Amino acid sequence: MVKAVVGANWGDEGKGKITDMLAREADIIVRFQGGANAGHTIVNDYGKFALHTLPSGVFYGHTTSIIGNGVALDVPRLFAEVQSIVEKGVPMPKILVSDRAQMVMSYHKNFDAYEEERLGGKSFGSTKSGIAPFYSDKYAKIGFQVSELFDDELLKEKVVRVAEQKNVLLEHLYHKPLINPDELYNELMEYKKMVEPFVANVSLYLHEAIKEGKTVLLEGQLGSMKDPDHGIYPMVTSSSTLAGYGAIGAGIPPYEIKQIVTVCKAYSSAVGAGAFVSEIFGEEADELRRRGGDGGEFGATTGRPRRMGWFDCVASKYGCRMQGTTDVAFTVLDVLGYLDEIPVCVGYEINGEVTTEFPVTHLLEKAKPVYKVLPGWKEDIRGIKNYEDLPENCRKYIEFIEKEIEYPITMISNGPGRDDIIYRNK
């Protein structure tokens, strides 16, 4: 059976913890899109980890971790990450890398930084991990696929061609040092040395695994709002963040995805630029940021303070719809225990009219939040295992949001640890 774990919002919803938890019952975990530009924070018996490329199931001895063809593969980052977890006592995970995955090159990161510099105040708030230049090259058909590392003749010809094309931009647009084809070839040879033991025909491997009845988890990065088609374009990422893309990014048929667990935070947070209707500021935001997440709301990759907001039913309902949600995992609910009252965004006022449907970006920029204020529960809910044992106002908060977003909340996370979870049968 294939399950997907994806985000409903702007990323940072707590997908790492949910994947880590579900991986207990899984055989294979597949990262299917994105690169090392976002991270998943995981707290388990080995310690606290911020993963960027490795799937969040690497901490179990029985799992196989796969880097799918849809991933922007930063080879040195991947292997530095493997090293970092092994050094903390985690057994060496079993890793497979798709022979159809493409690689983030050092010049992709340079181009990312050069473009942000060129745009100045109009920049996209990139993490400068090379993701947009990488995906641009992939679709312009001048990216380097892992399989090409094993055809020396093709590679030698291609590095010259790619360097030639890139050097026009470097010289005339960015006025930066040019790419040397020999150095580019050597970089690729370094990557080959690192990745060779792990390369596999992943789609065939998954085909056989599904036939054998194994459980496969697809792990997405970021969330619906960052999807290039259906998100807050252009302040989006460069690969599809939707569960539907999981089939493409892993190399499996779409009908195999039977369960889509969409992760929502009990409040809102976002890293990077773009419309964020329920955003809060000042002291109110600082307090929530300080208490939020696990040790505060700061980006797992960049360390940037996350932008904070109240729960947004409009964005979350849309985000769940676009994912094809079967189950909502509701995270960091314990964080809200300090509040007397909790505002929830239930609508957007745009040009004097209130809507509960998520609009396109130019209208989104004009949207003002419409709030309903719910009573808080003023209690620490960590350690509670049964839904019925949650304070009444806490249950009312969950049930109110469930009614507004129209998707069943079946998992509630009430702490950062692997076992801080309440299962709720619907």
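When reading the values below, keep in mind they use all heavy atoms of this one structure, side chains included, and skip hydrogens, waters and symmetry mates. Note that the structure is a prediction, hence the values are computed from the model and not measured.
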Q: Taking ring pair (Phe, Tyr, Trp, His ring centres under 6.0 Å) as the test, write out the residues that go with Phe144, two or more places apart.
A: none
**Q.** Selection residues 242-261 - residue pairs positive for side chain to side chain donor-acceptor pair (under 3.5 Å), sequence neighbours left out
**A.**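 Side chain to side chain donor-acceptor pair (under 3.5 Å) check on residues 242-261 returns Gln259-Asp327.
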Q: If the plane angle is over 60° it's perpendicular, under 30° parallel, otherwise tilted; pick one for Tyr139 and Tyr135.
A: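 Answer is parallel, since the angle falls under 30°.
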Tell me which donor-acceptor pairs under 3.5 Å the side chains of residues 87-100 have, and how far apart each pair is, sequence neighbours excluded?
unit_1, atom_1, unit_2, atom_2, d
Lys88, NZ, Lys48, O, 3.3
Ser98, OG, Arg100, N, 3.0

Q.
According to salt bridge (Lys or Arg N to Asp or Glu O under 4.0 Å), does anything in residues 56-74 pair up with another residue at least two apart or in another chain? List the pairs.
A. Asp74-Lys109
Would you tabulate the side-chain donor-acceptor contacts of residues 194-203 under 3.5 Å, counting partners in other chains and residues two or more places apart, or write 'none'?
unit_1, atom_1, unit_2, atom_2, d
Asn201, OD1, Ser203, OG, 3.4
Asn201, OD1, Leu204, N, 3.3

Q | Neighbour count >12 (heavy atoms, 6.0 Å) for atom CD, Glu212 | A |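 Yes, because the 6.0 Å sphere around CD of Glu212 holds more than 12 heavy atoms from other groups.
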Q | Partners meeting side-chain hydrogen bond (donor to acceptor under 3.5 Å, both in side chains) with Thr325 (sequence neighbours left out) | A |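 side-chain hydrogen bond (donor to acceptor under 3.5 Å, both in side chains) check on Thr325 returns Thr262.
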(Q) Looking at Lys176 and Glu117, is any side-chain nitrogen of the basic one under 4.0 Å from a carboxylate oxygen of the acidic one? (A)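 Lys176 and Glu117: salt-bridged.
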Q. Within the side chain of Glu279, is there an N or O that forms a donor-acceptor pair under 3.5 Å with the backbone of Arg307?
A.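 Judged by distance alone, no pair lies under 3.5 Å.
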Q) Does the cation-pi check pass for Lys166 over Phe111, that is, NZ or CZ under 6.0 Å from the six-membered ring centre and within 45° of its axis? A) yes
Q | Any Val58 side-chain heavy atom under 4.5 Å of Phe49 side chain | A | no
